[in-house]
Visitor: 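Dropping the structure in here first, questions after.
Since we're looking at a predicted model, the values are computed, not measured.
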Amino acid sequence: MTDDALSRLTVHALLADGTTVCIRPVVRADHEQLQGFYEEMSPENLRLRFFAASRRSAGLAADRACGPPRPGYRALLAETLGRVIGLAEYDTGGTGDTADMSIAVADGLHHRGVGTLLVEHLVSAARAEGITAFTADALSENNEVLRLFADLGLRTARRFEGPEVLCTIALDQSDTYLTAVEERGRAADVVSLEPLLRPKVVAVVGAGRKPGSVGRAVLHQLHAGGYTGRLFAVNPAAHSILGVPCHPSVSALPKTPDLAVLAVPAAAIPDTAEECGKAGVRGLLVITAGLDADQAQALLAACRSYGMRLVGPNCLGISHTDPELRLDATFAARHPRPGTAGVAVQSGGVGIALLDGLSRLGIGVSSFASLGDKYDVSGNDMLQWWESDGRTELALLHLESFGSPRAFSRTARRVTRRMPVLTVDAGRTEAGRRAASSHTAAAATRTMTREALFTQAGITATRSVGELLEAAALLHSQPLPAGPRVAIVTNAGGAGVLAADACAEAALQLPAPTPELIDDLLAVLPDGAAVGNPVVATAAVTEEQLANCVNRIMGHSGVDAVLVALVPTAVAAATGDDLVRALTHASGRRAKPIAAVRLEQALPVELLPAAEGGTVPSYAEPQAAARALAHAAHRAAWLARPAGTVPDLDGADTARAHAVVEAYLDAHPDGGLLEPRECAELLDCYGIRQLPWAWAETEDDAVLAADRLRGADGRVVMKGHWPGLLHKTVEHAVHLDLRGDSQVRAAFRDLEIRFADLLTGVVVQPLADRGTELFAGVVQDQVFGPLVLFGLGGTATEVLADHAARLAPLTDHDVHDLITAPRCAPLLFGAHGARPVDLEGLEQLLLRLSRMASDLPQLAEADFNPVLATPDGVTVLDARVRLLPRRPHDPYLRRLR
């Protein structure tokens, strides 16, 4: 194996104690190390591994692991600082889909998760090779390895044979297994972040003696913020900076830092990181920007070699506002206010805006991380930290790129069940994506793909920092609404109209009051009040009347939320402050949210103190209040339905599908579009229903095919085909409504003449029945994985762009959302008295398409257009599939970026 190949297959991951370990394939050069690994084992450990304590076992085991490559055998080792600490192997014997598996861990390193991590990686490698089960022999007294197998999250069967136990482990990737892997990853991740976010000793490397340096600014924030741990500066030209003791190097510090803040020139970063690693530092915060590719690679290599977690480079810093810590390692102008919002951003400017906004609102911050270029610590890491820290109640993210979107999605789905997770959807436009790519060196991502990720994960996606703060204010201060029904109360008719428009534009409902509610409201409001929705209480409304009005509406079962729009007037009955006080008294501790709009308000959003504790959000614009209420309603709806499941599918033949793909790529190493027969075979592997068809390369074959396929009306369709043909209709390569042999012959000759140098054959099909023409497809995003698209089909599909999208694998809820999201959805459910189409068949089509895309990473693109949907069934009329030579990638495998 070449060095480049080995490097590509080498990954780093976290053990249970948060330390970093390297996982890689065994190569021949590892023989001496592996033999020493076994020779250093205690006799008892050797006996449990080999069922005997013979020292000859060490050499034999090293010979086997380092021998020539052979089919069905794989060996992975775990090492740290060049020392082998674990080995896992499987061997099929060259045949079958079951492999014998073994695991060994160095003495003194048990109970740290080495064996479990190796087995997880071995399972992933085996699945990619088509292996469906492991078998493993163990002594019945080897409780540690038996517990390891039992706790994997995989189905394990045991059979006792004398002193031995034969374990059979099924390698199916169930949700139970993924959840177990997630939990192990979360626990390890949180422990690994402790040195970064709860350091007991901090050193700022590169703090200057004169004002103006970033390092000095970070040191000032730490010192002035009252950091409770030990604080050092590193500068060879000073003894003290800002009253903080200074030392010439990291290695010269009297105590090893948990966290080192690097604010040195880019050229000095690699050596400084190496020095920190050798000194035993566990966390790096790199403020420095402008690293070139070699410097970046050296920085990350040092972090991986020495097990340091890294925030940055090119970032604002990190904060943790716990009163017992008071860590503010940023160069922001002000210290963040302690509170309950966790914040992670890639842009330092956005970070400062969010810190200031949350502090002004009184929500405050639990912890903050400016991730910068995000070489290591990511939004996924921060979500898991907030999930576990016991202080965070609201998570705010600004991410311009995603390292592992599918792992992020699973984490976010779990965390969002516990707390609101909000984000600014940055990079929505082509210009924004170019800016993000230039700013963070991140790959561009599609708007539709990001929307699918956020929707499926239950993340509240906003379009600006201002909207993010508006939504955060309401979600922080108010209960969630039971639905989208809003009642508007105002003391000025014009303000009510603006509020009604804003609610309608935000897709909120404005139900008319019931007769009983009208009577109740008229009894408490002044003469001249208009009781509709909006309720116009008039400028003469008093504090008491307004409070009674809002209270009665809040108690009405047909209303989910109340929006109160207030305008200051010169009427003496109540001042503006009186009405605001009435509003805050009315809110109390209600089970429904209330939001205020004060058109004269200077700030976009404020939190007003409410009676009995709590706060009420007040907005300067009705659109802001309506957007916030809509976000709250969407979150409530997402929480109300149970988590979706990926249904089992009958008749899916994954093994045959892999064979079809491999055969095509063997013949076409660069990939390409499948021929009609290959495409049909692949769809058949997943039970995807297609309109009957036949392939013909001559005029006579076309006539015979037409005779065989004609329906009751005798009409057929002929479609020309040649490699690379994308749009048959655009190329005028389709003949419809062909009757009789003469028309079939004429159509074939027409195609043969017009496309003489291209045509390789024709597809003949019966003319399809009338129905709704739909589109279903999938595209493999390089970052996000397979994205399933659905919507209106036919020749106008690209013009109308009536499509929705969800990331695969689709759950039952995802499929429902896909079908109901496009504008054409009413046609499917029986608009204007028509019968609905076969919705179950439509769901099955999308689920099978999702399964195909999830099984086959080589499937770059699939396009089913049109898909004919009728009350009696769903049929693919035309399909196009493109394959590329891609290796399987396990998005859920535990590994660092």
Side-chain angles (χ1 to χ4, degrees), residues 8-14 23 76 116-117 119-130 152-154 171-186 188-189 374 376-384 399 401-416 442-443 445-446 448-459 643-646 654 658 661 778-788 805-811 814 849-861 884-897:
R8 286 195 301 271
L9 296 173
T10 299
V11 300
H12 293 82
L14 297 172
I23 306 288
L76 298 177
T116 301
L117 184 62
V119 171
E120 287 178 15
H121 282 256
L122 206 64
V123 166
S124 181
R127 281 204 195 102
E129 297 298 326
L152 281 172
L154 297 169
L171 304 188
D172 48 314
Q173 193 177 67
S174 65
D175 192 66
T176 300
Y177 177 67
L178 293 181
T179 300
V181 172
E182 270 181 7
E183 179 54 32
R184 291 191 286 266
R186 184 200 62 79
D189 202 30
K374 210 170 62 170
D376 178 22
V377 173
S378 66
N380 201 42
D381 295 300
M382 295 308 300
L383 280 178
Q384 295 186 106
L399 303 177
S401 64
F402 294 87
S404 179
R406 281 183 277 181
F408 173 83
S409 178
R410 282 189 66 88
T411 299
R413 288 184 199 220
R414 185 182 71 244
V415 175
T416 305
T445 58
R446 302 181 178 194
M448 184 175 282
T449 310
R450 295 171 67 95
E451 289 175 352
L453 171 66
F454 297 147
T455 299
Q456 289 172 268
I459 295 172
T645 58
V646 178
T654 303
H658 279 293
V661 169
V778 66
V779 61
Q780 288 274 3
D781 187 283
Q782 291 184 348
V783 176
F784 288 76
L787 181 75
V788 179
R806 293 293 183 270
L807 293 167
L810 298 181
T811 67
D814 295 332
L849 179 59
S850 166
R851 171 71 179 273
M852 182 169 69
S854 299
D855 284 350
L856 306 173
Q858 303 92 339
L859 194 154
E861 184 181 0
L884 288 176
R886 290 173 174 165
R887 291 183 57 83
H889 172 76
D890 186 345
Y892 308 114
L893 188 63
R894 283 199 284 154
R895 57 187 151 204
L896 293 169
R897 293 162 58 86

Visitor: Considering only heavy atoms from C-beta outward, does the side chain of L807 approach that of L787 to under 4.5 Å?
Guide: yes

Visitor: Return the minimal non-hydrogen interatomic distance between R413 and D814, and the atom names on each side.
Guide: NH2-OD2, 4.3 Å

Visitor: Report the C-alpha distance between V646 and T811 in whole Å, list the side-chain angles of each, state the deciding distance to 0.1 Å, and finish with yes or no for side chain to side chain contact (heavy atoms under 4.5 Å, CB included).
Guide: CA-CA 4 Å; V646 178; T811 67; 4.2 Å; yes

Visitor: What is the minimum heavy-atom distance between L117 and L14, and which atoms define it?
Guide: CD2-O, 4.0 Å

Visitor: Taking the side chain as every heavy atom from C-beta outward, state whether Q780 and L884 have any atom pair closer than 4.5 Å.
Guide: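 Not touching, per the 4.5 Å side-chain cut-off.
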
Visitor: Determine whether R186 and D189 make a side-chain contact, defined as any pair of heavy atoms from C-beta on separated by less than 4.5 Å.
Guide: no

Visitor: Let me confirm one number: the CZ-CD distance from R127 to E129, rounded to the nearest 0.5 Å.
Guide: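 Answer rounded to 0.5 Å: 13.5 Å.
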
Visitor: Indicate yes or no: does R406 engage D781 in a salt bridge with an N to O separation below 4.0 Å.
Guide: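 No, this pair does not count.
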
Visitor: How long is the straight-line distance from CZ of R410 back to CD of Q456, given to the nearest 0.5 Å?
Guide: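 If I round to the nearest 0.5 Å, the distance is 12.5 Å.
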
Visitor: Between V181 and Y892, what is the shortest heavy-atom contact and its length?
Guide: CG1-O, 3.7 Å

Visitor: Quick check for you: to the nearest 0.5 Å, what is the distance between L76 atom CG and E120 atom CD?
Guide: 12.0 Å

Visitor: Going by the side chain to side chain donor-acceptor pair (under 3.5 Å) test, name the single residue among D381, D376, N380 that passes it with S378.
Guide: D381

Visitor: Would V788 and L849 count as a side chain to side chain contact (heavy atoms under 4.5 Å, CB included) here? Give the steps.
Guide: CA-CA 8 Å; V788 179; L849 179 59; 4.2 Å; yes

Visitor: OG1/T455 to CE/M448 distance, rounded to the nearest 0.5 angstrom?
Guide: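 It comes to 11.0 Å.
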
Visitor: With side chain to side chain contact (heavy atoms under 4.5 Å, CB included) as the test, would you mind laying out the steps for L896 and V11 before giving the verdict?
Guide: CA-CA 7 Å; L896 293 169; V11 300; over 6 Å; no

Visitor: For a quick check under 3.5 Å, do T654 and R851 share a side-chain donor-acceptor pair by atom type?
Guide: yes

Visitor: Do you know which two heavy atoms are closest between E182 and R414, and how far apart they sit?
Guide: OE1-NH1, 3.0 Å

Visitor: Under the side chain to side chain contact (heavy atoms under 4.5 Å, CB included) criterion, do F784 and R450 qualify, and how do the steps go?
Guide: CA-CA 9 Å; F784 288 76; R450 295 171 67 95; 4.3 Å; yes

Visitor: Take S850 and R806 through the side-chain hydrogen bond (donor to acceptor under 3.5 Å, both in side chains) test and state the conclusion after the steps.
Guide: CA-CA 10 Å; S850 166; R806 293 293 183 270; over 6 Å; no

Visitor: Can you give me the closest heavy-atom contact between L453 and P405, atom names plus distance?
Guide: CD1-O, 3.7 Å

Visitor: Minimum heavy-atom separation for S174 to G153, with atom names?
Guide: OG-O, 4.2 Å

Visitor: Do Q173 and D890 come close enough that some side-chain heavy atom pair is under 4.5 Å?
Guide: yes

Visitor: Mind checking the CD1-OG spacing from I23 to S124? Nearest 0.5 Å is all I need.
Guide: 12.0 Å

